[in-house]
Structure formats: structure tokens, C-alpha cells
There are 2 protein chains.
Amino acid sequence: MEMKSVTRSLRILEAVAQHQPVTVGELTKLFGLPKSTVQRTLVTLAEAGWLRANRRDTTRWEIGARVLAVRPAALQGSSLFAAAREPMVRLRDEVNETIHLSVPDALQCMVVVDRVDCDHAVRTFHAIGDTSPLHATAAGRSVLAHLPKRDIEELIARGLERYSDTTPTDPDELRAELGRIRTDGYAVNLNQYRPGVCAIAAPVLDEDGTPLATVAVSMPDSRFDVNRLPDWGRIVADTAAEVTGRRLNA
Amino acid sequence: MEMKSVTRSLRILEAVAQHQPVTVGELTKLFGLPKSTVQRTLVTLAEAGWLRANRRDTTRWEIGARVLAVRPAALQGSSLFAAAREPMVRLRDEVNETIHLSVPDALQCMVVVDRVDCDHAVRTFHAIGDTSPLHATAAGRSVLAHLPKRDIEELIARGLERYSDTTPTDPDELRAELGRIRTDGYAVNLNQYRPGVCAIAAPVLDEDGTPLATVAVSMPDSRFDVNRLPDWGRIVADTAAEVTGRRLNA
DNA sequence: AGGGGCCGTGCCACAATGTGGAACGTTGTG
DNA sequence: CACAACGTTCCACATTGTGGCACGGCCCCT
């Protein structure tokens, strides 16, 4: 409820990230703020090293490399990244579908932090930084299944939003599905969030069993083959388990 | 020179990143600021999604996943990351030394953005987000060599700081070395920045020849073998060229 | 049980700080 | 050549953030 200038500066920073390289004028239109206010904010952010002028067109602003030093603890020192890298590539080679690495943001959502592409002409696309709800995706549920019961109930109490006609919005249905995920070791999503997108996901766990991240294979539903599911489920779970192991030995 | 609260908030954000998970008290000691000021700042940053309370110890603060959506344009959509991944792993397999991917931050410094580890017990270590000067490292010079002459002269005019007794601090010496890098296709660093660390680096270029990033092999000087240099130089240059190519076709 | 840290939170008078309208300089376009 | 569009600078005003203080809760130590 306070620090208006700080809140606004961060909004502007995010807008620059989305539209970079961007001019002062474009941002003033976007926010409906006075030109001088936007300008002052940009200069301040740049002096702090978070923004910089584009090298070719110095009237355009872009994100500075400083932000790379600021990362969630799970990714600090890149142990998760580094550990996940090679298993993800091998998984992609095996199934030839896009692989995503995502981390949970509190109990809010999953955030995509890394990706290995497949070479199909038709493929799913999620940019680094994209978010998705915990209950409606394979990635989210694979994490959710391994959280303490009170966290699961808290999320259910907040309400299960519907994104498609197969989104699990019934608490009991979701609880049952989470149980299945715990026994099978992987989660599945068939068109439950974004139409046409299917995925299989398994969690990367911390020393104490807390889910840190998830490895997911995602594909257009046209290529999803239910007969391969047990096989692929096992492969994904093995990959996630390998990442868990490599991270702990790093 | 303005927006004190914004500048301070960003400093606090960076401090949280370095010390996470961290308490209000630790930050007040670190900055010598009043508790209420730090507290208010943390709450504001958290409301904006940039910070969050640690799940286990809710009095400790850590970085939220929101920051992952804010990245330099070169990394946006992860095209550089994704393109570099596999070539870096292959390079590591070939030389069994640590591989770094770094990007230039304006004309200020290089920032490490990705890493593939080797399996030697003794190895060099640079965390993601670490920075290094442009003139004193292989990574920096490999980028510098491909910048416009006026940028090179601007950097020289700012002064070439000495970090070890082999750091190139003489402008002519540096200019000559940059010429050699352009003809050879790779840069070399023997103890010129951090004592005991050697590296070989080659740049990843944009469509128009602008250096976007650099791929570097780094190793303890005890394992640096000058006889292998031409070979390894070529391999590193080939790897960087492959990343350049993959990125443009992605 | 009791006490001492240390945490998060709330309050409020003060003035430093950020605000935004308006004017200036520059670029490029008809 | 003049006009338009844009980035940049300036400054008086009052909104905004400040920081000292105090309260209540929690945990650890004695």
C-alpha cells in the first residue's frame, strides 16, 4: 500500500522486458503517465544497472545484464540448471518433444525456467518466464502432489479455476489425481489448461522431499498416444529422479 | 540522481538475492537503515511479486520467480540459451573442462549466464551472475575484438585496470591482441584476471556481426597446455560458431 | 516460568522526495 | 523550410516516503 514510486518503477521495468527495446513515448502511452515521470524512472533504473540504452538506437531502452545476478534461491549458483541440463537433452532425444523445466512460485503458479526444443514443425511453445496454474497442468500437479496436505488444502480452498472443459475443478477429483501421481511417479495433462496441449511431468525433489522443480514433456494432442503413456511416464520420472540425484551430488 | 527510494529498493533486492533467505534485521545491519524503512521496502517488493516469504521460515525473505520473466533481450525466449546448451555440453565432453556462457553488459563487463561443469576434482568456479572486466579476460576480449573501433577506444580511454602482473594495461598491447583474436577466431587468458585461472573463448555473433555472447573453456593453469592451444582454440571457435548458427535458425 | 532477542506491524509529524506541466532542443518528414 | 513528433530538462508544489518509537507475538536460553 505504499512506495508508489517503487511499485511503478518495477511495473515499468517489467514492461521494458516485454517490449524491449522500447522508447519513452511507447511507455507513456502504455501507462498513461506523464512523459517526465517515465523518463525519470528509466534513468534511475539505468543508473542502478537494471536498464541500459540500446547500443544501436540510444533512444530505446532494454534490460541490463544486472538482473541475471538476481535469481530465486532454487536456481542460485545454477545447481538446478546445471544438474537438469543433460538429462533434459537426453530426454528430448529419446521422445523428440519439447522439454520444460519449471519451478513453483510459492503456492501461486509454476514458472518455466528452461527449455529444450524438439524438431517437429508443429510443437508446443512456452517462453522462459511463462507461468501456469498449479492445479491445471501436469507440471503444477506433479509439484502439488508432493507438498504437505495443508498446502494442498489451502490451494483448494482458494478455488480451482476452470480453463477448459477437462480442468479438474472438483476438490475430490483433484485429491484422487494427486494420489495417483504419488503412486505412479508422474502427472499427466490432456488439454486441461491450454487447448491442444498435453504433457507428462515428474518432480525434482530437495533433500527432504520438498518439490523444487519439475521436468515436463509437452506436445500437441495430435501426437499424444495413450499407449505410450506408461512408458513415457516412466522415462520422465527417471529423468526427474536423475536430476534430483545430480543436484544433491553437486 | 533521483528516486532515492527506487534505488534503495533495488539495492535491497540485490542484497536479498545474495543473502537469501534473509531477515529484516540482517538487512538493517547490512545497510544501516531504520528497520521500518527496510520492512516497508520488503513488503512493497513482495506485493509486486519480486520477493516472497520463505515457505519454511516465514520471517525470512527470498527472491520470487517473477524476476525470471525479466531478462536481457539477447536471452529473451531463451533462444541463446537453448541454442548454446548442446554445443556447450559437447565441448565439455571433448575437453573435460568447465564451459561458461557469458554476455556483455553494455561496455561495462561480462556476466556469466550459464555453465557446464567438468568432472575434475580441481576446477575453476564462476557462479551465474558473476561479472568480469572486458579487457582482462578471454571472454571479454573475444567480445571486445568484434565491437566497433569507437567502442574499443572508449573502453581504452576509460583506463585499463590491472588485476595481475600479466593483465594487458597497455593500449597498444591490447589493440594488437584484439587483432590477433580477430584473425585466430579465439581469445586466450593466462592468469590475467584471477590468479591461477586460464581460459580460451570465442564469440557468438548476431546476424550483423555484433557479439552477443561468448563461449569459454576455463581451467586451472596447472592443466593449461600450450601445445594443445591451437587445437582447443579451433574447437572453441567451432562451438561458438555452431551456437551462432543454431540461434539464427531457431 | 521468566526474560531477552528478534520478528512483523502500526502510528504519525515532518520535510525530503518525487511529481508532472510546460518549455527546450533535436531529428526527420512532407 | 516549417511543422510535427519525440526525447530531455527544469522547477515550484504538495504528495510521498521517512524513521523514530512503541506494541504484540514467537522462540530460545537460563
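Reminder, nothing fancy here: chain letters follow the sequence lines and each chain counts from 1.
Judged by distance alone, with hydrogens and angles left aside, the side-chain atoms of R247(B) form no donor-acceptor pair with the main-chain N or O of L80(B) at under 3.5 Å.
Remark: the W50(B) side chain and the E14(A) side chain contain an N/O donor-acceptor pair separated by less than 3.5 Å.
The distance between atom CD of E47(B) and atom P of dG17(D), rounded to the nearest whole Å, is 12 Å. Between K4(A) atom NZ and dG17(D) atom P there is a gap of 8 Å when expressed in whole angstrom units. Rounding to whole angstrom units, CZ of residue F31(A) and C1' of dG20(C) are separated by 17 Å. The distance between atom CD of E26(B) and atom C1' of dC7(C), rounded to the nearest whole Å, is 11 Å. Atom pair L27(A):CG and dA5(D):P shows a separation of 19 Å (rounding to whole Å applied). We find that CE of M3(B) is positioned 13 Å from C1' of dT15(D), with the value rounded to whole Å. The CG-P distance, from L42(B) to dC7(C), rounds to 11 Å in whole Å. Rounded to whole Å, the distance from CG on L33(B) to P on dG20(D) is 10 Å.
Taking side-chain N and O atoms only, S36(B) has no distance below 4.0 Å to OP1 or OP2 of dG20(D). The phosphate of dG17(D) (OP1 or OP2) has a side-chain N or O of S5(A) nearer than 4.0 angstrom. The shortest distance between the side-chain N/O atoms of Q39(B) and the OP1/OP2 oxygens of dC7(C) is not below 4.0 Å. Between W61(B) and the phosphate of dG8(C), there is a side-chain N or O to OP1/OP2 separation shorter than 4.0 Å.
Residue T59(B) is in sugar-phosphate contact alone, with no base atom involved, counting any heavy-atom pair closer than 4.0 Å across all strands shown.
Counting only heavy atoms from C-beta on, P34(B) has its side chain closest to dG20(D) among dG18(C), dG20(C), dG20(D). Comparing dT17(C), dG7(D), dG8(C) by their nearest atom to the side chain of K35(A) picks out dG7(D).
Note on ring orientation: taking the six-membered ring where Trp is involved, the planes of H126(B) and H100(B) are perpendicular (angle over 60°, cut-offs 30° and 60°). Classified by interplanar angle (parallel below 30°, tilted 30° to 60°, perpendicular above 60°), the ring pair Y193(A)/Y163(A) is perpendicular.
Pairing each heavy atom of P203(A) with each of G185(A), the nearest pair is CD-O, 4.2 Å.
At a cut-off of 3.5 angstrom, counting only N and O atoms as typed in the model, there is no donor on one side facing an acceptor on the other between the side-chain of R40(B) and the base of dG8(C).
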